[in-house]
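This one's a predicted model, so the numbers in the text were calculated from it and none came from an experiment. Below, each value reflects all heavy atoms present in this structure, side chains not excepted, and no hydrogens, waters or symmetry copies. The chains referred to below are lettered A, B, ... by the order of the sequence lines, with proteins before strands, and numbering in each begins at 1.
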Amino acid sequence: APPPADDTGAPPPADDTGAPAPSDDAGEPAPGPLTFGVVLVGPQNDRGWSQAHAEGAQYVVDNLEGANLILFELLNPADKPEATLEGVVDDMVAQGATLILTTSDEFEEDTMGVAEKYPDVTFINISGDDALTGEAPDNLGNIMGRMEDMKAIAGCAAALTTQTGQIGYLGPLINFETRRLAASAYLGARYCYENYRGLDPADLQFTVTWIGFWFNIPGVTLDPTEVATNFFDSGIDVIMSGIDTTEGIDVAGQRAAAGDAVWSVPYDFEGACETAPDICLGVPYFNWGPSYLALAQSVADGTWTQSWDWNGANWANLTDNDTTHVGWISGPGLSAEAQASLDLFIAGMASGGINVWTGPINLQDGSAYIAAGQAATDEQIWYLPQLLEGMTGPSE
Amino acid sequence: MNDTLLVRILASIALQAAPLMIAVTGETLTERAGVVNLSLDGKMLMAAMTGFVVAYTTGSLILGFLAAALVGALFALIVAFGSITLKHNQVAIGFVLTLLGADLSAFLGQNFTRLPGPSVGKFAVPYLKDLPVLGPIFFNQNAIFYFAILLVAAAWWWLFRTQPGLHLRGAGERPEAAFARGASVTRLRYLYTVLGGALVGVAGASYSLGIKIGWSEGHTAGLGWIALAIVIFGGWSPARGALGAVVFGATKSLATVFQQNVQGVSVVAFNTLPWLLMIGVLLLVSSDWVARVANLLPPRLRGGFLRLVQVTPPRALGVEFGQE
Amino acid sequence: MKVVPLLKRIWPLMPVLASLAFILALLLIFGADPATAFQALWQGAFGSRDRLLGTLAFWIPLALCAIGLMLTFTAGLWNIGVEGQLILGSIGASWVALNLKGQPAWVLIPLELLAAMAAGALWAALSALLKTRGKVHEIFSGLALTNLAIILTNYLISGPWQPPEGGSFRGTQPFQEAALLPRLFDSRFSPLSLVLMSIALVIVAVLLGNTTWGLKLKALGRNSRSAFLLGVSSEREAVIAMMACGALAGLGGAVRVLSWFDSLRQSISGGIGFLALLVVMLSAYRMFWVPFVAFFFSAVLQGSITLQLRTQLHSSLGGILTGVLVLLTLLFGDYNHLRRLRKESRPDE
Amino acid sequence: MHIELRDIRKTFGDVRANDGISLAFEPGRIYGLLGENGAGKSTLMKILAGYQPADSGRILLNGQPAHFATPADALRRGVGMVYQDPLDFPPFTVLENYLLGRDRAVNLDFRQAAAELRAILDRYGFAVDMDAAIGSLSLGERQQLELVRLLAGGAQALILDEPTTGISASQKDALFATMRRMAAEEGKSIILVSHKLEEIQELCGHAFVLRKGQLVGETALPCPNRALVEMMFGQVPERTPRPPAAVEQPLLEISGLGVRTQRLTVGDINLSIRRGEVFGLAGLEGSGQALLMKAVAGLLPAASGRIALDGLDITHLDYHQTRAAGVAYVAAGRLEEGLIAGLSLTEHILLAAPRRDQTFFIRWGAARETTSGRIALCEVVGVPDSTAEQLSGGNQQRMLYAMLNEGLRLILLDQPTRGLDVRSADYIWELLYARRREGTAILFYSPDLDEIIERSDRIAVFSGGVMSRIVEAARTTADELGHLIGGQQ
Ligand SMILES: Nc1ncnc2c1ncn2[C@@H]1O[C@H](COP(=O)(O)OP(=O)(O)OP(=O)(O)O)[C@@H](O)[C@H]1O
Ligand SMILES: Nc1ncnc2c1ncn2[C@@H]1O[C@H](COP(=O)(O)OP(=O)(O)OP(=O)(O)O)[C@@H](O)[C@H]1O
Ligand SMILES: [Mg+2]
Ligand SMILES: [Mg+2]
């Protein structure tokens, strides 16, 4: 059969209805008002970052009549040297995708490329900032969940629980995003340690260890399992996870089973507590469903316009997955009185009464970053240059 | 005393090293019989996956370990058949199986990724566990650790203190001579290749069911190669191999510790430690620089020093046996 | 009488059929429609111009490594480190691309390629010297050096070579246009790389078949002690063979960064070197087959991307197919070998 | 024990190794088994000792048909065989080596075994350190241990395949004495396979001769050597006499040379070898003569002293430089050290050619012609395209000499005729003499003292790493040498 016209790199002949182009090499024509593609960097069942996106995509399928999903997992050169975002996108477009979400900042560059290649397809790069900086073509937007607040809550839960006053943070690789998330967690922890437990925040030890990538690559990154083990051995009793996967809570569960008093706060995915519920203090998670649904809607009826969205929580109900973009769900491991204090904290943040990003905040090297009494701007938070004073661990 | 940072870390290192000890012992037995089974890495992945999947679905740890051992033995059987019966290059077959094992485990395990599953619990030995320092390190671990220690001891005894052990070593040193003494070399090599494979299988399951609980793609990747290197470092002796496993475990946790305590070095740098260690120890045991150093020593010490440091592989390692 | 020659002729097909059957079984077990699956495989590899170009583009570095490996295999060396040598090559090329700003392509590209080959050769030399001087088996040094190369890449892209917007592990910023190999229809395939690969192929084939050096490698591979006594300086030839292989792998690395990607990425290779080892084995260590087998591998892997998209099946299926095929070929592919065994099978013990 | 072999047949491919051999051995007697290379001696003995099955034929022990699956089997029935290269385990201790396969008990009883072994050793007057590693023992000692092991295993019939190669005169005497005792006092049947007629004559009472896989004659001993040789080769080959040493010019001058290795240190060697001289080295295995040759060849570094070739200082040249200087080294091993299995004879010749004659591109046509010339000259049975492992042992040896280049100054030979029958050996020496006439000097070591005396102009004697003295070949005897290398003055 001759190569289909729309697989040759030329944009698909989108007719006025905006319906997807017919493509014979996909075997069956794409049904429904919208075919959309989601590209994952990790496995779709990693109980972390990638699975959260997979569930978000599923949410669209469940709530948008006839929406048709093309999912592609594990797109990273380590797992698939032969695969490229462009190749995957080509195929998705060939199958009629008119909306494509690339769900990692790994894809930021390449997404720009394909966005230029397919001007009639809408692209969303998660956690990128090209739409903010204006480099992006008109058909490329960014979304990120405002996880900072949830991380602050998570940090608070950790601080309310720790017996040894030592919290360990399992960091992925070092960049702006990971720094600011770790920092938010620390600020939340410091606030609650001081205000609810009445202890001196200077005594709170908050250690960050970076494994070297978003998830474990054997022989190349530090093995998160061993980092977590080492955390507990060194006296840390609460591990917060900042990586895509669940080693943190896995090890904690193991230790608890062996009788140690340890807890963990996983990350990314609502269901992340399941590995070891009893010692899970709760999980700050991304709830992509609502944002994805909104996107899909707007693309389907042609009303989408480029934007850089930093979607926050529904403070009224942090676990309402139809409305909130990021969530916090407390785990069975959180004690009743800790829960009480945590509720106060959450209420405070909801009302704006509490903003952990209020100065004085110094960088790790001691230099002042946020002046006393001032609240940090979005840019200041987004582009945090170092870890903060009081946090242990490398900034670069 | 027993709850100091050092003791806790040592205990963890010992536990982390347990599966490696098992794998190293398995491969040591195989290579002592004259067969190189290079497929360790792939075998371990397959076993880790199988062990978890079976234990998860049946809820029985025992079945999990058995299944893993079976898979390990099966892979080993392929190597044995290919190299002993079909007289093909052992390294080639082992290498292909390594890559195949990685892909196959990823594929077959895809629906069991990161599920919370059963795991081997801790078992403290009464009284002994309270011994100063030794207690927490040796007697407050999980069954896998105890198994590893016993296995290493048993393997050492078998190799160096029994008639079958002599046959086994003979088959790897000089098969034609072993044959002349009534050993059936082919059968021995099959036996110990498969047994070694089964043990490596157990090692793989030990990760997914005890040390790095659960399954994920590439769960144990790289560790098989490490084990192969340790076999050499261990001079094909289970005891020394166990030591090697511990040394390796120690270095890995050092990498973690360093990140907190060494400033001004890129975080990434510390991940190089295990690999530098691998090259380092192999240089130590096999390069003839050591021999030259030895020549500086007084003759009395020379022999002992070399015996301590240097190792020589079984002479017929990887050499096919044509009978007569 | 006349069945034997026939059997002999079709014998090599057996492993192919067997491994296809194996995959078929997997597909059925995991409830996928084989027809769709194999169609998707085909579509993914050759279904369109872009697909074909993708297959070609992935083929080049793979073939380059395999060609280099023919040298080391002949010399009896297990250069598993070829993976790391490829990575070092991509680092070498990137170094030139990032540091020589504003030069024209005809200056940049040759320099990049040279740097890549030099870097690859260097990494190979380390392996070789560790073997000849330190008696460390090249399998282990190669493995360690490969991982060190990956870690080095991570260090560079997160440290000194990080893009201006700050270090992430994505990679360096895209190279200047002049630094990239000219590519066909803005695909990832660079005709120049194909030319280079073909030249390498011819040169290595001639070296192995018709030169004294090739003969020395052969001698070395079969009996290094005798070769030495016959006047072959084992160490020198071994090191040169490794470095030559490293240089070709390095070239492959350059192709990865300069035409497959446009920058140095985290884990640039992801196992191409290891695949190359399989390619050479499946080619039964015969130069003639290497490029074809490499192309077949590339096609299967490209296809398995589409396979995953269409059937939502784990894309390791491609790797499984090639792996099983190589294994079965190794075991049962050589008809004459099996016959010989049958003949000399004495009553064993 | 009465042993009878009936119509034994064994073929390898199309080689008829044993072609219907029938013979019998009586208890209490010592037999010699003779034959040219490839006659089928070892094959027959391996069959009798259970190392390989015969294609057809029967073995009768005391009239009872016996069937041996393995050598262990044969030993249980009382038949044991000692190899020239003992089948033991170099890294093991003497005790472990003795224990392997001794009994079925899982646990090893070192103490009891030690006592047992000690007893037998004493009975036959052997002295060996129980905890020494087999690898550190001399060939002679290892043979003794094999013998002891077989005796302990209850061997009634003992086969020794070329046992005297590489052991000292005194060790040989001890061995022969033991065998006589075992035959006379213990009524064992003993079969000695050897190429050395003198030994056969000295020890055996009866000889069987094989040729081309068939039994071509038997005779009571002693009898004239001529008769034996005639049976072995059909006719009596005339020996080439050694041409007189040519010129008096010194060629190789070694002064104060010392060589050190892990195992042995050789000190203060002083030698001057003349152009065209054949110089023999006598000594037990491991006495250092091979070290001397390796040092000259550049295979081992000289710890002290000076080696000069035609005035050129080659002390610190490595092997390849030395080679370029016109020195050739031929090691004892064939397929291990010298030939390469899988490579054609042409390829061997190409590799062996001196650097300057090696072209970058190979001209196969020319190379084949050179090769066929060379192999014709050395009467190697084969074609340029046949591979090394396809040649028979004797022809492999000849191939080694076919690879020697023109215009050599010095040839170093480690056991040039190891395992070759008289005729092949004689032919090798013809080739060497031809070289010598061109002024090439030859320095060689052989465990066969008779060969040394017959072939050399002068002889240097080694014992325990010391070069005790240099004697004129014409003025010494095997007996004298035998005692010299034994260390007695
Ligand atoms: N394992 C084998 N495979 C092939 N051919 C063999 C094998 N063993 C012996 N032969 C051949 O059988 C013939 C007899 O060999 P055998 O070793 O018995 O001769 P031999 O009398 O012992 O010679 P030598 O005096 O050199 O030891 C020779 O042509 C030899 O090449
Ligand atoms: N290249 C070498 N490197 C290390 N040790 C060596 C080397 N060559 C010989 N030796 C050791 O030195 C000692 C003397 O060498 P070697 O046995 O070759 O002398 P030899 O008297 O010629 O014995 P043979 O009868 O085997 O020729 C032996 O113990 C041997 O193991
Ligand atoms: Mg013989
Ligand atoms: Mg010697």
Q) Going from CZ on D:F110 to CZ on B:R161, what distance comes out if it is rounded to the nearest 0.5 angstrom? A) 5.0 Å
Q | Residue part contacting chain B, namely of D:D109, when any heavy atom lies under 4.5 Å | A | neither
Q.
Shorter than 4.5 Å, heavy atoms on both sides: which option in D:L108, D:D103, D:L75 has the most such pairs with chain B?
A. D:L108
**Q.** Positions in residues 166-174 of chain B that reach chain D, provided some heavy atom is under 4.5 Å away
**A.** B:L166, B:H167, B:R169, B:G170, B:E173, B:R174
(Q) Testing the basics here: between B:G182 and D:A72, what is the closest heavy-atom pair and its distance to 0.1 Å? (A) CA-CB, 3.4 Å
Q | Side-chain (D:E96) to main-chain (B:F160) donor-acceptor, under 3.5 angstrom | A | no
Q) Looking only at heavy atoms, what is the nearest atom pair of B:Q163 and D:A105, with distance? A) CB-O, 3.1 Å
(Q) Tell me whether the count of non-hydrogen atoms from other residues, nucleotides or ligands lying under 6.0 Å of OH in B:Y146 goes above 12. (A) yes
Q: Evaluate whether atom CD1 of B:I62 has more than 12 neighbouring non-hydrogen atoms of other residues, nucleotides or ligands under 6.0 angstrom away.
A: no
Q: Check the surroundings of atom CZ in D:R9: do more than 12 heavy atoms from other residues, nucleotides or ligands lie under 6.0 Å from it?
A: yes
Q.
Is D:R149 close to chain B through its backbone or its side chain, or both, or neither, when contacts mean heavy atoms under 4.5 Å?
A. side chain
Q. What's the spacing between D:N97 CG and B:R181 CZ if we round to 0.5 Å?
A. 4.5 Å
